[in-house]
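Before any comments, here is the structure.
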There are 2 protein chains.
Amino acid sequence: MDSMDWALLRELQDDARLSYSELSRRVHLSPPAVAERVRRLETAGVITGYHAHVDLTKAGRHVVALIRMSCYGPRCVLRDPEVLNWPEVLEVHRVTGDACSILKVVTASMEDFESTIDRLAPYGQPSSTMVLSTPLRWRPLSPLSPTVDQGSRSSE
Amino acid sequence: MDSMDWALLRELQDDARLSYSELSRRVHLSPPAVAERVRRLETAGVITGYHAHVDLTKAGRHVVALIRMSCYGPRCVLRDPEVLNWPEVLEVHRVTGDACSILKVVTASMEDFESTIDRLAPYGQPSSTMVLSTPLRWRPLSPLSPTVDQGSRSSE
DNA sequence: GCTGAAACGAGGTAAGC
DNA sequence: GCTTACCTCGTTTCAGC
């Protein structure tokens with residue numbers, strides 16, 4: 001994970017559809033070297049996937065919520081593979097504190113959201129926080145030690 | 001947004017690096033038709049971007065937290081473009097309830113996390129929930145009305 | 001939206017440093 | 001480990017239907 005790997009990660013986090021050739025131009029490395037490095041990042045599990053991001057509202061999801069689940073008894077959303085497969089559940093995090101997990105849920109309507117809450121209730125006490133807007137939807141990961149971009153040399 | 005658009009979204013959410021030709025094979029549409037539809041989805045803002053996802057731990061981020069900010073006074077993280085640019089702040093959501101916003105923060109160490117909390121404190125009361133693990137990191141958006149995949153016709 | 005053709009670009013390989 | 005050169009293949013784009 002040197003500065004060249006981070007340069008590649010920066011570009012691929014910004015635009016996952018860049019070709020190896022275009023990447024090679026941006027990071028000033030030859031295409032074969034770029035291809036090898038990217039494959040290494042993939043097989044090492046540093047890159048977990050390439051995903052198109054879809055606008056929730058334009059996809060008809062007008063309700064976004066974070067639900068804190070306080071599970072009790074034998075059932076828990078963390079242990080139930082069924083809940084993890086519900087299409088309206090986009091993320092599940094196990095957390096510290098009073099709650100055992102936090103779910104990111106998106107639905108088309110409040111009616112659908114109410115249905116989700118009803119289906120979650122048997123697992124424990126759901127506490128919903130509605131998302132009004134999202135000023136920052138996503139940020140790419142940057143290198144820990146401020147690595148200087150080596151892509152702006154005069155050798156173009 | 002017909003079923004063909006959703007088929008393309010399904011594939012691109014799963015693998016954003018697929019070529020138009022490969023997409024055309026998977027959804028059983030000609031490459032030019034695929035290219036036109038994808039560009040329409042991009043310009044319409046349905047697709048907001050294509051992003052490589054990076055493993056947080058492998059990128060050296062061993063601390064993941066959700067921070068509820070109860071802002072007071074004139075300053076608020078929602079209004080401050082500086083906080084939105086902090087590299088350790090990956091998401092910011094404005095929410096209902098006691099808190100005004102929830103931040104997803106990742107740092108290399110607890111020491112760095114403590115520093116983030118200190119820098120957030122002037123904006124309001126930060127309440128941190130640590131993420132222990134993430135059973136479901138991300139789920140692709142699926143069509144609202146169960147759309148039957150039209151890609152399995154016998155005309156291959 | 002499909003087909004066909006043509007041009008362009010991309011990706012992979014191998015040799016050399 | 002990176003680079004350059006080459007070659008093959010795929011992809012993209014445009015035409016017309």
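Because the structure is a prediction, the values reported are computed rather than measured. Residue numbers begin at 1 in each chain, while the letters A, B, ... track the order of the sequences.
- With rounding to whole Å, B:L29 atom CG is found 14 Å from D:dT12 atom P.
- For the pair B:R26 CZ and D:dT11 P, the computed distance is 11 Å after rounding to whole Å.
- B:L18 has its CG atom 10 Å from the P atom of D:dT11, to the nearest Å.
- A:R25 and A:S21 share no donor-acceptor pair across their side chains, judged by distance under 3.5 Å alone.
- Judged purely by distance below 3.5 Å, without hydrogens or angles, the side chains of B:E42 and B:Y50 pair a donor atom with an acceptor atom.
- One atom, CZ of A:R17, and another, C1' of C:dA10, lie 14 Å apart when rounded to the nearest Å.
- Between the CD atom of B:E36 and the C1' atom of D:dC14 there is a distance of 13 Å, rounded to whole Å.
- B:Y20 and B:E36 form no side-chain donor-acceptor contact under 3.5 Å, judged by distance and modelled atom types alone.
- The residue among A:A33 and B:P32 whose nearest nucleotide of DNA chain D lies closer to the 5′ end is A:A33.
- More than 12 heavy atoms of other shown residues, nucleotides or ligands fall within 6.0 angstrom of atom CZ in A:R75.
- Distance, B:E22 CD to D:dT11 C1': 12 Å, rounded to whole Å.
- One finds a side-chain N or O of A:R25 lying less than 4.0 angstrom from the OP1 or OP2 phosphate oxygen of C:dA10.
- Following rounding to the nearest Å, A:Y20 (OH) and C:dA10 (P) show an atom-to-atom distance of 13 Å.
- Taking 4.0 angstrom as the limit, A:R39 places a side-chain polar atom (N or O) nearer than this to OP1 or OP2 of C:dG12.
- A:M4 places its CE atom 10 Å from the C1' atom of D:dC2, with the value rounded to the nearest Å.
- Distances shorter than 4.0 Å separate none of the side-chain N or O atoms of A:S19 from OP1 or OP2 on C:dG9.
- One finds a side-chain N or O of B:R37 lying less than 4.0 angstrom from the OP1 or OP2 phosphate oxygen of C:dG1.
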